[in-house]
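Structure first, commentary second.
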Amino acid sequence: MALDLEKLRKEQNRIFKEAVIEYNNELPTTLIHLTNSKDLNQFLQGTKFNASSDVTARVLNSWIDKKLVHVEDEDAGKIKRFSRLENIWIRIITQARKFGLSLSSLENARKELFLSPVENFNLLKYGILLHIFDVPQILIMTEDGHIRMLPADTYHKWLSENKLPFHLTFNLSEFLGEEFPKNEFGTDLGLQNLFDNTNALKLLFFLKTGEYDSIKVYVNEFDVREITKTEQLLK
């Protein structure tokens with residue numbers, strides 16, 4: 001009996017939609033507000049770095065020409081020209097190409113990860129924030145370049161029920177660990193009720209990534225504390 005590809009595709013879309021709804025319903029509003037933080041956006045998208053050393057300049061320039069990797073006009077020709085988000089995406093592309101995923105499929109994956117009608121929001125950025133805040137994320141990419149970002153628990157649930165199509169799986173831990181070598185991901189810092197306050201989430205973001213020189217926390221007008229290393233909190 002011939003395989004009904006259209007029926008299979010609709011079933012896969014339904015499964016993915018249910019999984020995304022399940023995970024979106026658990027997301028606090030403060031996390032959405034955090035995506036509009038000027039400091040956070042400068043850190044993730046404003047400051048520029050060298051590309052990952054795992055890809056050659058020739059290949060990288062080819063990806064740029066094909067619009068698979070984005071470079072701002074003012075950064076063209078520079079060595080440091082990629083934001084942290086773009087660098088994480090380059091790492092994902094590099095792994096996907098090792099498994100033979102086509103450039104056209106990756107072009108589609110980029111659109112689904114980066115394009116959004118909501119300002120300062122995209123799926124890759126959202127998944128990164130959730131992962132940093134101890135909600136581990138799995139990026140799924142099908143052979144035609146359709147992607148979904150799922151909480152690890154949801155992913156394993158669907159996988160155990162054999163309801164997922166053939167796909168590549170990318171655990172964000174690998175890519176974020178390389179991008180933030182001083183991270184404290186997975187470490188319980190003992191901070192309470194963080195999702196009740198956007199500023200508390202911003203504080204946690206920098207404590208978790210370890211990407212700061214010092215942080216001054218104003219407990220009240222008489223109590224100001226300086227943090228220079230996240231491990232200070234662990235002690």
Side-chain angles (χ1 to χ4, degrees), residues 20 22-50 52 80 82-92 113-114 116 118-139 149-154 170-235:
V20 171
E22 178 181 334
Y23 119 77
N24 278 342
N25 285 340
E26 299 176 356
L27 297 180
T29 304
T30 49
L31 190 58
I32 299 174
H33 292 164
L34 184 64
T35 62
N36 289 311
S37 165
K38 182 178 179 180
D39 294 337
L40 188 77
N41 286 319
Q42 175 62 30
F43 181 80
L44 288 177
Q45 296 166 266
T47 307
K48 303 299 170 64
F49 303 87
N50 295 334
S52 167
K80 295 184 177 182
F82 303 104
S83 69
R84 290 188 185 276
L85 279 189
E86 202 69 36
N87 250 338
I88 291 170
W89 169 237
I90 290 173
R91 295 180 193 278
I92 293 173
L113 275 176
F114 281 88
S116 170
V118 181
E119 186 178 7
N120 292 323
F121 171 89
N122 63 56
L123 191 56
L124 180 60
K125 180 179 177 182
Y126 214 25
I128 288 171
L129 290 176
L130 285 172
H131 199 92
I132 289 173
F133 297 143
D134 298 325
V135 186
Q137 299 295 298
I138 301 292
L139 173 63
M149 191 79 71
L150 300 175
D153 289 346
T154 300
F170 302 92
N171 191 321
L172 289 190
S173 292
E174 176 185 350
F175 307 109
L176 296 186
E178 293 173 345
E179 193 66 29
F180 305 111
K182 297 184 291 184
N183 76 79
E184 291 289 347
F185 302 152
T187 301
D188 183 3
L189 298 180
L191 305 181
Q192 303 297 318
N193 303 319
L194 286 166
F195 285 98
D196 293 342
N197 185 286
T198 301
N199 285 329
L201 280 180
K202 187 190 299 185
L203 171 63
L204 182 61
F205 174 85
F206 287 103
L207 290 175
K208 284 285 190 176
T209 60
E211 296 294 328
Y212 61 90
D213 293 322
S214 66
I215 299 174
K216 287 186 177 180
V217 181
Y218 291 79
V219 180
N220 57 52
E221 61 179 318
F222 304 108
D223 188 357
V224 181
R225 307 184 187 188
E226 184 176 26
I227 302 171
T228 56
K229 292 183 179 180
T230 303
E231 62 184 23
Q232 288 178 241
L233 296 178
L234 302 178
K235 297 178 181 179

Below 4.5 Å, heavy atoms only, C-beta onward: do [X] and [Y] meet side chain to side chain?
X	Y	result
Y212	T230	yes
L176	N183	no
N122	L85	yes
Q42	K38	no
R225	D223	yes

Over 12 non-hydrogen atoms of neighbours within 6.0 angstrom of [atom1] in [X]:
X	atom1	answer
N220	CG	yes
D39	CG	yes
K48	NZ	yes

Atom pair [atom1] ([X]) and [atom2] ([Y]), whose distance is rounded to the nearest 0.5 Å:
X	Y	atom1	atom2	answer
N199	T30	CG	OG1	10.5 Å
T35	N41	OG1	CG	7.0 Å
L113	M149	CG	CE	5.5 Å
I128	Q137	CD1	CD	10.5 Å
L34	L204	CG	CG	9.5 Å
L129	H131	CG	NE2	12.0 Å

Anything under 30° is parallel, anything over 60° is perpendicular, the rest tilted; go ahead and classify F43 against F180.
parallel
Please give me the minimum heavy-atom distance between [X] and [Y], naming the atom from each residue.
X	Y	answer
E211	P181	OE2-CD, 3.9 Å
K208	F185	O-CE2, 3.6 Å
N87	E179	CB-OE1, 3.6 Å
S83	L44	CB-O, 3.4 Å
L124	W89	CD2-CB, 4.3 Å
I215	F206	CD1-CB, 4.0 Å

Side chains of S173 and N171: donor-acceptor distance under 3.5 Å anywhere?
yes
